[in-house]
Chemist: 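Please find one structure pasted underneath; my questions will follow.
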Amino acid sequence: MTGTHQVLHENDVTAELPLDRGPYEHLVAAVLAWTVGVDALPSRDCEQLALQLTGHAHEVASDVRRPAEALPRSSGRRALADLVLAEADQALGAPLEGTVRCVQQRAQVVRSLYARLDRLTGTYSETPMTVPPP
């Protein structure tokens with residue numbers, strides 16, 4: 001049996017699709033609202049949440065890079081975007097841990113990246129990510 005197939009890389013699929021921001025905004029808000037002593041979450045659940053937020057943060061970082069790189073190097077907006085991206089790269093480069101602290105750190109990265117993206121694209125809102133009503 002002979003046939004052909006095409007390898008489709010994730011970047012090929014997501015490059016043209018907008019991010020589904022809403023669910024991640026709700027997740028980020030909920031994670032950041034956790035109290036410091038949250039012990040009810042098993043380590044494996046924390047690892048999965050951190051992994052999910054890490055993947056999304058990388059996608060948002062790509063969305064921040066595109067408009068930032070279009071700005072002149074002397075632009076203050078570009079400098080701030082570069083700073084946020086550098087901080088995100090550093091935070092996302094840390095090993096994943098099965099802790100609430102790690103999940104909250106990744107959620108903070110996503111929130112910072114979305115805030116910078118909004119400012120770069122002119123969609124800035126005064127409303128921070130908040131926990132949705134039940």
Chemist: Taking only residues at least two apart or on different chains, which pairs with a member in residues 82-101 satisfy ring-ring contact (aromatic ring centres under 6.0 Å, His included)?
Modeler: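 Not a single pair qualifies under ring-ring contact (aromatic ring centres under 6.0 Å, His included).
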
Chemist: With a 4.5 Å cut-off on side-chain heavy atoms, are Cys46 and Ser43 touching?
Modeler: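 No - every pair of side-chain heavy atoms lies 4.5 Å or more apart.
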
Chemist: Please list all pairs passing the ring-ring contact (aromatic ring centres under 6.0 Å, His included) test where one or both residues lie in residues 54-79, with sequence neighbours left out.
Modeler: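 For residues 54-79: Tyr24-His56, His56-Tyr114.
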
Chemist: Group every Ile, Leu, Val, Met, Phe, Trp and Tyr by side-chain heavy-atom contacts under 4.5 Å, then state whether Leu27 and Leu96 land in the same group.
Modeler: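 No, it is not one cluster - the side chains of Leu27 and Leu96 are not joined through contacts under 4.5 Å.
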
Chemist: Give the intermediate values and the outcome of side chain to side chain contact (heavy atoms under 4.5 Å, CB included) for residues Val103 and Leu41.
Modeler: CA-CA 11 Å; Val103 176; Leu41 240 56; 5.9 Å; no

Chemist: Given Arg21 and Asp118, is the salt bridge (Lys or Arg N to Asp or Glu O under 4.0 Å) satisfied, shown in steps?
Modeler: CA-CA 12 Å; Arg21 184 174 174 162; Asp118 289 347; 2.7 Å; yes

Chemist: For a side chain to side chain contact (heavy atoms under 4.5 Å, CB included) check, start with the C-alpha distance between Leu53 and Val28, then their side-chain angles and the critical distance, and finish with the verdict.
Modeler: CA-CA 8 Å; Leu53 288 167; Val28 164; 4.1 Å; yes

Chemist: The criterion is salt bridge (Lys or Arg N to Asp or Glu O under 4.0 Å); which residues satisfy it with Arg44, sequence neighbours excluded?
Modeler: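 Per chain and number, Arg44 pairs via salt bridge (Lys or Arg N to Asp or Glu O under 4.0 Å) with Glu47.
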
Chemist: Taking side chain as C-beta onward, heavy atoms only, is Arg111 less than 4.5 Å from Glu25?
Modeler: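 They are not in contact (no side-chain heavy atoms under 4.5 Å apart), so the answer is no.
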
Chemist: Output yes when a side-chain donor or acceptor of Ser112 lies under 3.5 Å from a complementary backbone atom of Gln108, and no otherwise.
Modeler: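 Indeed, once roles are kept as given, a pair shorter than 3.5 Å links the two residues.
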
Chemist: What heavy-atom pair brings Val31 and Gln104 nearest, and what distance separates the two atoms?
Modeler: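 Closest approach of Val31 to Gln104, heavy atoms only: O-NE2, 3.0 Å.
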
Chemist: Sort and list the pairs that fulfil ring-ring contact (aromatic ring centres under 6.0 Å, His included) and have at least one residue in residues 70-113, not counting sequence neighbours.
Modeler: none

Chemist: Could you list all the ring-ring contact (aromatic ring centres under 6.0 Å, His included) pairs where at least one residue sits in residues 88-108, not counting sequence neighbours?
Modeler: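 For residues 88-108, and leaving out neighbouring residues, there are no ring-ring contact (aromatic ring centres under 6.0 Å, His included) pairs at all.
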
Chemist: So, using side-chain hydrogen bond (donor to acceptor under 3.5 Å, both in side chains) as the criterion, who are the partners of Arg106 when residues are at least two apart?
Modeler: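 Checked Arg106 against side-chain hydrogen bond (donor to acceptor under 3.5 Å, both in side chains); matches are Thr54.
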
Chemist: Taking Leu120's backbone N and O only, do any of them form a donor-acceptor pair with Arg77's side chain (distance below 3.5 Å, no angle check)?
Modeler: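 Yes, Arg77 side chain to Leu120 backbone: donor-acceptor pair under 3.5 Å.
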
Chemist: Just jot down the side chain to side chain contact (heavy atoms under 4.5 Å, CB included) partners of Pro23, sequence neighbours excluded, or say none.
Modeler: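 Per chain and number, Pro23 pairs via side chain to side chain contact (heavy atoms under 4.5 Å, CB included) with Asp20.
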
Chemist: Pairs under 3.5 angstrom only: tabulate donor-acceptor contacts from the side chains of residues 80-93 to other protein residues two or more places apart or in another chain.
Modeler:
| from | atom 1 | to | atom 2 | distance (Å) |
| --- | --- | --- | --- | --- |
| Asp89 | OD1 | Arg65 | NH2 | 3.3 |
| Asp89 | OD2 | Arg65 | NH2 | 3.2 |

Chemist: Who are the side-chain hydrogen bond (donor to acceptor under 3.5 Å, both in side chains) partners of Gln105, not counting sequence neighbours?
Modeler: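 Partners of Gln105 under the side-chain hydrogen bond (donor to acceptor under 3.5 Å, both in side chains) test: none.
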
Chemist: Suppose we screen for side chain to side chain contact (heavy atoms under 4.5 Å, CB included). Which residues come up paired with Thr99, at least two apart in sequence or across chains?
Modeler: Glu97, Arg101, Cys102

